[in-house]
Amino acid sequence: MVRVRFAPSPTGPLHIGGVRTALYNYLFARKLGGTFILRIEDTDQTRFVEGAEEYIMESLEWCGIKVDEGIREGGPFGPYRQSDKKEDYRQYAEMLVGKGDAYYAFDTPEDLEQMRMSYEKRGDTFIYSGSVRDSLSNSLALPEEEWKAKLAGGDHYVIRYRMPVNEDIHFDDLIRGHIVVNSSTLDDKVLFKSDGMPTYHLAHCVDDHIMEITHVIRGEEWLPSLPLHKLLYRSFGWASPEFAHLPLLLKPDGKGKLSKRDGDKLGFPVFPLYWPYGETAKGYREDGYYPEAFINMLALLGWNPGTEQEIFSMDELTDAFSIERVHKSGSRFDPEKAKWFNHQYLLKRSNEEIAMQFREELRAKGFQIDLQEIEELVALVKERVSFAKDLWAETDFFFVAPDKYDPEVVRKRWKEDTPALLAELRGVLENTDPFSPAETETAVKAWITEKGYNTGNVMNALRLVIVGASRGPHIFDIISWLGKESTIERIDKGLSEIGK
RNA sequence: GGUCCAUUCGUCUAGUGGUUAGGACGUCAGGUUUUCAUCCUGGUAACAGGGGUUCGAUUCCCCUAUGGACUACCA
């Protein structure tokens, strides 16, 4: 039975890289009929951010990623928040000390900082490991009575892993294949902190074991500490889960991995949802993205099924997904393509659904329009926009008569005979019934032909007085939607205001 | 600096020991729309470099370069 987990740290809003990690875990679990677990890793009390936990859950929900076991959902392997069982971790750390694979260390952060600095002065790098641990303040170097006295005396201490010396550690990654690292390049990582909390290394290993996690799918930043984690499982005598390290998401321009600040700087969101605390950060949801489009775009960043299909529902993603086809190298995020994805999904939505959304915006602007009419409008312009929120910019002239006329268009299209032409056209339209796109077009064209006028001159002038610029859908669709009365009014207004 | 990971069009990517190296986004051009956008058609554009192995390497190996991650009592 496959069991995977997404284990974020509640230190702020979830970044899209994190969402993708959650997504791949979710797809993997669903594909194999497994269980997707959400575990909150809040062992760093200093970085805890109020609201982050809720934000994470809400984000996953919005994305359509359903959690099987977690804080809200419950489950047989709880608690699912690490701080809720902080006392449990100590015994596991002590267990390792008992086995001789870990030890107490009394060095203060200040001591270590000083060591690092003096090493750095010599052009060296200090690492707490086999070569120096015997000369530092710990239970391996100190006489037994002394360190036991320190322990009994309540001295602050941490528990460190005793990294074996010069051992080649072999391990396999589902995405990267076989990797070998020599243990002498690794340091004695802190497992248990002096504040009574475990570090990530200890806590995730213990929890993955307790929760019977079969596959750990996480970001590439964890690859360097995988040897330690493998060793930890060995020391505990536990079977290790399989590991898969996902490539990073890179900035669209320049170098490096996508960071939380890139969004505002480059003008696109890096968070799924708006983050209301601290620095304001916009989200995909508020920017008008459909969750399906967002997920589709994210899924294809670092994975693809090997076919040319690009549009996938969550179910289709689940069917097609395989961890082996996840890339090894990082992918640069492309905001342009993200928009394209949303456009595709917008096209798939019904006019009615889009219209209902648009109606809210119109109401807020003070326009009470019948849904049926909004639907007609949506049908006219939906393929011109990527987001429902862009509808207004494409349709503003339907609701408000132009109060200024694009001077460039006026210069090009407003000829000497235009007023006379429009006055005559006004009469033609006035006598056209019903005022439908087909009927008006037929009438106007017949009139043009009869009089031998230039079609372009008439049409462009009409568009100018109706729209105020050279843009918008088919002109007869516009005037028909507007109705005879408004159309006539706009012609009159144009006649009196242009060309004075 | 050290350790580890990676490298196909600008971007996301497909692909193979012998291919005209395919698709998508973007971009450019033409067509349609007597507007603009859409849409259609077409174009542009890539195997990081150098050595091997091989009859033949983009594909396999090594080196270099470049990029990235990690190098906390953070995750």
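Proteins come first, then strands; the chains are lettered A, B, ... in the order of their sequence lines, and each starts at number 1.
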Does the side chain of A:Gln344 come under 3.5 Å of the side chain of A:Tyr290 through a donor N or O and an acceptor N or O? no
A:Leu186 vs A:Ser194, nearer the 5' end of RNA chain B by closest nucleotide: A:Leu186
Assess, by modelled atom type and distance only, whether the side chains of A:Tyr103 and A:Asp188 contain a donor and an acceptor separated by less than 3.5 Å. yes
Within less than 4.0 Å of OP1 or OP2 of B:rG68, is there a side-chain N or O belonging to A:His327? no
Out of B:rG68, B:rA75, B:rG26, minimum distance to the side chain of A:Ser9 belongs to B:rA75
Of the nucleotides B:rC74, B:rA14, B:rC73, which one has an atom closest to the side chain of A:Arg325? B:rA14
Identify which nucleotide among B:rU11, B:rA14, B:rC73 has an atom closest to any side-chain atom of A:Arg332, counting heavy atoms from C-beta outward. B:rU11
Return yes if the base of B:rA72 and the side-chain atoms of A:Lys189 contain a donor-acceptor N/O pair under 3.5 Å, otherwise no. no
Is a donor from one side chain sitting under 3.5 angstrom from an acceptor on the other, for A:Arg39 and A:His204? no
On the ring face of A:Trp340, is A:Lys337 found with NZ or CZ under 6.0 Å from the centre and within 45° of the axis? yes
Between NE2 of A:His201 and C1' of B:rU71 the distance, given in whole Å, is 11 Å
I want to verify a distance call: between B:rA6, B:rC25, B:rC74, whose nearest atom is closest to the A:Lys328 side chain? B:rA6
Against the side chain of A:Glu221, the closest entry in B:rG22, B:rG68, B:rC70 is B:rC70
